[in-house]
Amino acid sequence: MNELCSLAVYGAGDDRSFALGDYEGPLPRWCPGCGDHSVLAAVQRLLVAEQLAPERTVFVSGIGCSSRLPHYVRTYGFHGIHGRALPVATGIKLHRPDLSVFVVMGDGDCTSIGAGHWLHATRYNMDMVALLLDNNIYGLTKNQTSPTTPQGYPSNTQPRGSYLPALNPLEATLGMTNASFVAQTAEWIPAHLFATLQAAHRHRGFSFVRVLQRCPKYTAPLFEEGMRKPDVIELLVHDDGVTVPALAGVYKHSIHHDPLDLDGARRLAEEGDRIRLGVFFRDESRSRYEDIRRLRSFTAEEKIDLLEGELERHAV
Amino acid sequence: MQSEISTEAALAALEQPRTLFLSAVADLVGELGRLLVQDRDSEQGREQRSAASLGAFGAGRVDARRFAALISDRPVLPPAALEALGRARAVLSAIVTGGPEPFVVVVGPGEDVAVAVGAGLARLGRVFGAARVAALARAGAYRSSEHASLLEALPFARWNRGERALAPPLVVRVEGPRPRLSGLADLLNGAVKIALLAPASESPAPLALLVSPGVFVAQGSSLDLLERLRSSPAPGIVAILPERSSRFVHDPAGGDKLRDRLTVEYLSDVPPDDSRSRRDFRADEEQAQLALLIAAASGGSANGQVERVEDLRSDPAGLLAAWLLREASLPPPVDARAGAA
Amino acid sequence: MATGVDVLTEPPSRPEIRTIRTSEHVLEIVSDSGEGAQKCGQIFGNVSARMGNGVWTVEIIPAEIEPPPRSPAGASGNRVRIGKGPVTNWGDETELVVAFNEQALLGRHRLGALASHATVLIENLWATHADPGIRGQWSEALAEMEGSGYRIVEVPMEERCLTVVENARRGKNMFVLGLLAWIYDRDRDLCRDQIEGAFRKKSEEVAAANVRLFEEGYDWAAENLDFRIDVETSQAREPMVVMNGNDAIAFGAVAAGMELAAMYPITPATSVSHRLGEMFERFGGVLHQAEDEIAAAGVAIGASYAGKVAFTITSGPGLALKTEFLGLSIMAEIPLVVVDVQRGGPSTGLPTKVEQSDLLAAIFGQPGDAPHVVIAPATIEECFHVMVTARRIAEAFRAVVLVLSDANLATGMQPFRRPAIDPAWLAESPDQSPVPEGMQPYQWDPRTGLSARIMPGQPGGMHTLTGLAHDEASHVVYDSSTHQRSSTMRSRKMAVLQRALQPPEVNGPPEGKLLLVGWGSTKGAIEEAVSRARSEGLSVSSIHLRFLSPLEPGLRGIFDRFGKVMTVEINYSDEPDDPYITEENRRRGQMAFLLRAQTLVDVDCWTRVPGEPLRPRLILDAIRGRMRKELMP
Ligand SMILES: Cc1ncc(C[n+]2csc(CCOP(=O)(O)OP(=O)(O)O)c2C)c(N)n1
Ligand code: SF4
Ligand SMILES: [Mg+2]
């Protein structure tokens, strides 16, 4: 194996236990009421629930309001460049499968400038959690249309309304070869958000979660209905997906959907009257890129022997 | 006829997690090697090493003395610490290059499997002991009177969570007809994976007593089971037994309910026979346990059987079974992934 | 037949054999692609190296994978230059050509690749081909070459090969190897070993058939040819290895202990990844073929951030795509090695041909102030060793190190001293021990700008790295003083590295009339030209730069001791006497541009973009020209 999960790292994995305070970073600087706050809270709760060692957890992001998230979590963080969080995460995971990797992207980040990487990362299916914080707009750069902006919704770049139908990230991911986990949740339903993050984390493979995220600054009307009217929400429930019994009282609509059913998932992912939340698809048997054959690390002495042997093949 | 699965085949089936373990060890060997060189010598030595590290392209182009002056070296360790590091490194590199022997445990007829496996893990534990010695030595806290024994063995009970998560898989070859397995439950956590080869076993369901929510437990006669064990994120044990034994798989990935986790492919029809000797009592008990599990899993009334389990309270396996039955309708308290993340 | 071309259709009844003794010789084998001329050239080169000749082998590559057969643009094969002493470049014109058809020959003729006294051994099948079109092409081609002075010898390649195998197209190359082995008196056992080694992968039968073809060629030559060429050998005293520059880069990367390379296929860099893919299978490591060059850079950076230094390999168009990520790597001080195997540009340019046009893009191509290291190996041997140095500097300086190779080094083969592998080359296993209390992720030493790296896995070191302006704690800070200070720190590292560099050695006397300055793969050709010029009494020296950014020290001092300084480069520059060109608007060679800016010396340049390595004689002509014009009134 070539990665650097030296024994020293495992030795450090003593019997510590971690509380919320161990994961809290500086105070976030998002707008008041921004959905990113809820995502941060859920992420920190997940870290506690799963007792992930802070030094062996990495949050990788691109650029955008949402991509600020790593700064506020006290783990390792990589706040890179716009649209390119996934290649960085791929590199980290290829070298260090021992690390838990979370990727945080905005809708512009993931579905526009980084769309190519998104499709390929889905296919690589490396064990990481990818969160698409979808506020249907470019937040950081102040209100430009994103691929997921609903048709007709105005912005600074398309003031008379977005010209085209919105890109549906669930359909796109479900359409990609070797997808293994596709879910949708809404940050204003914390119990569902948490349960979805947990399912995503526990899934072995590339867990893609689209989080519907309020942006009170630019897209408040788009999320109004979903927030105020539980009736427009429909939960996908299954033992193998996400089930939050406590929510049943509030959200009357639910469908029993087996996440192994890809055709069903694709049908449910289509745009409809209701906002569907839950695990659309999950199949742990899909090939994972990190499972490609690896050799164990060689010691320096062994490597030198190998190199000498190799030089011999070129000897004059 | 199912041909017997060889130790080599079992080792090969579990090569990947062993590779992971050995890689971690090899990487530490590399790390310690650097410390041993770097911390040992003088200004001049540093310059020489700088020159060497810059390679032939750097030679004559980069001034090694100036370069060395720029590079902050790790602090120089006292000789005693270096000596301890050296010994730790020797233990580690012996494991890396020593072949599969430490990963195989042979248990003679009648011997307690748990004791033998425990001893095998403790011996392998010297790798973690060596890592700890290295950490102590670097921190200046190494005392040979207290810590030297870490280089000999570290019992599994003293492995921490991180170490358990890296536990290497073992191949355990059991001779004799009646493997004694009950104590193994304590060893099945973290990443521990055991391939138990018991070609002479006459027990119908020796592993039934080990079924527990977060543990992969399977018995049968095919090599595929080892592949499933390897790919499961849970700790686990697979027993490869003669054809006439019961065949079942308990896979924690199946779900929260026992019924989703347990699949019984074949139930050995060795009848409980009053005429059999006392020695066979355990066989009956195992078989009964498996039947209980099946009953619980299928949701059928298990009242009468529960009473039998109550009867068995006097021994730990009975306790486990009773607990299992209760658990069958509850979500598991143990997270299957926690240990193997 | 055409006059002026001496065609030998009938082998005369065993004429006396004339042996040409020489200290070096240039030969080419050209065919349609797919006919195996390259394999023939490689084996010939290997055998010659093993016999103690200096060797330089260059591939002749058509731009397309399967160009139409029998077309001048499709000429594919090898040039091999062998000599008594070390051979450092591909030479001038070829003196012996073996052509599988007249069109491939014509292609080389049109490029001026053949010396006027060249001997041509050519397949005679086409002259009498059943297809009148082909016969017509044959006579037209020979007519076009009329008056060139070549001595053309027809060889019944197909006919002889058919006595051994059924499909001669697949066998001619070894027949030709036989011809060459006789002509140059190569060790037949060595040849047989090499052939068996090359074909045994297919099957023993194939190997045996190829050996028989080789013998057939050898025997035919012995019976029919009237000349032999004797190039002296001087047995190598040191153990040598032979490989091409791309193999050497791959090899060097592994010897440097690097364990992850990310790339996207692009000529002429791709073969590095072929080699790496194969080596990593045995040495441990990951070759990641990414979805594009941007992702390849991202993956390498992610890997480097979390462990041992990783690298990415590309060529010009790919380098362009990587620029934003390079900026991030520089800003966040993530060590990274980038290899750019340059080809002709801009845009898709000349994918298979050599050029040195990426220099300025490599140094200045990243928006924002992005100080980093650029180095260039000058020989195939250096392609191996440069990777060790690049990795080491990247790690020690938390820097991006960009290695500029080119298509000439990439595909050229040359024997060089067997590297004495040193354990100190291997990447250090990163320190995973807890981070001392209070240590910061960018704890810049104010004198040097250097800081120790903290990496995931180290307890107590948690921080978020960012490409935004940041302070020592990696906190995003926009205030002007922090940005000024952190920019200074990143820049200072380059000054510190530069102060550890040593001035380049001058090839030739340390003072004189003209100093040539080169970099990269042109070293052999420049130095050969300089030595020829000096033997003509011209006062010329040269230096060859390896560190291009920061530049090697002492240049100003060296330049001041020469009447004129002129770079020799394979990139575009305006000629001073071209229309419209003035001192003010002249676009100069890229190194000249750099040196003028850095040294304030009026550095001239002589550059060409011929899509092939520079020929020493052209450089010699340039030396003569410039010296006549400017230095000898
Ligand atoms: C290469 C590049 N192009 C453009 C930008 C400017 N930019 C920064 S964030 C952003 C879009 C942000 O939108 P989104 O990804 O949806 O994130 P949000 O702010 O909404 O969370 C853009 C266009 C950039 N930083 N880099
Ligand atoms: S602009 Fe929108 S997304 Fe950005 S912080 Fe404000 S509310 Fe959140
Ligand atoms: Mg957005």
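So that the names make sense, note that chain A is the first sequence line, chain B the second, and so on, each numbered from 1. Computed from a predicted model, the values in this text were never measured in an experiment. Note that these values count all heavy atoms, side chains included, but never hydrogens, waters or copies made by symmetry.
- With a threshold of 4.5 angstrom between heavy atoms, A:Glu301 does not approach chain C through any atom at all.
- When side chains are defined from C-beta on, C:Asp292 counts as touching A:His117, because their heavy atoms get closer than 4.5 Å.
- Between A:Gln51 atom CD and A:Arg16 atom CZ the span is 10.0 Å, to the nearest 0.5 Å.
- For chain A, no part of C:Pro441 is nearby; none of its heavy atoms comes within less than 4.5 Å.
- Note on A:Gly77, A:Gly116, A:Ala53: by heavy-atom pairs under 4.5 Å with chain C, the leading option is A:Gly77.
- Neither the backbone nor the side chain of A:Phe59 comes within contact range of chain C, judged by heavy atoms closer than 4.5 Å.
- Contacts between A:Glu308 and chain C at a heavy-atom distance below 4.5 Å involve backbone atoms as well as side-chain atoms.
- Among C:Arg50, C:His475, C:Arg418, the residue with the largest count of heavy-atom pairs under 4.5 Å with chain A is C:Arg418.
- Ring geometry for A:Tyr289 against A:Tyr124 counts as parallel: the plane angle stays under 30°, on a 0 to 90° scale with 60° as the upper cut.
- The candidate from C:Met51, C:Glu324, C:Met243 with the greatest count of non-hydrogen atom pairs under 4.5 Å with chain A is C:Glu324.
- Counting heavy-atom pairs closer than 4.5 Å to chain A, the top residue among C:Gly197, C:Ala295, C:Gly467 is C:Ala295.
- By the 4.0 Å N-to-carboxylate-O rule, A:Glu310 lies close enough to C:Arg282 to be salt-bridged with it.
- Using a 4.0 Å cut-off between charged side-chain N and carboxylate O, A:Lys93 and A:Glu290 make no salt bridge.
- Both the backbone and the side chain of C:Phe325 come within contact range of chain A, judged by heavy atoms closer than 4.5 Å.
- Among the candidates C:Phe280, C:Trp425, C:Tyr305, the residue making the largest number of heavy-atom pairs closer than 4.5 Å to chain A is C:Tyr305.
- When each of C:Val435, C:Ile421, C:Thr464, C:Leu426 is scored by its heavy-atom pairs under 4.5 Å with chain A, the top score falls to C:Thr464.
- With ring centers used as reference points, C:His385 lies 6.0 Å or more from C:Phe416.
- Interface remark: A:Leu311 contributes backbone and side-chain atoms alike to the contact with chain C (heavy atom separation under 4.5 Å).
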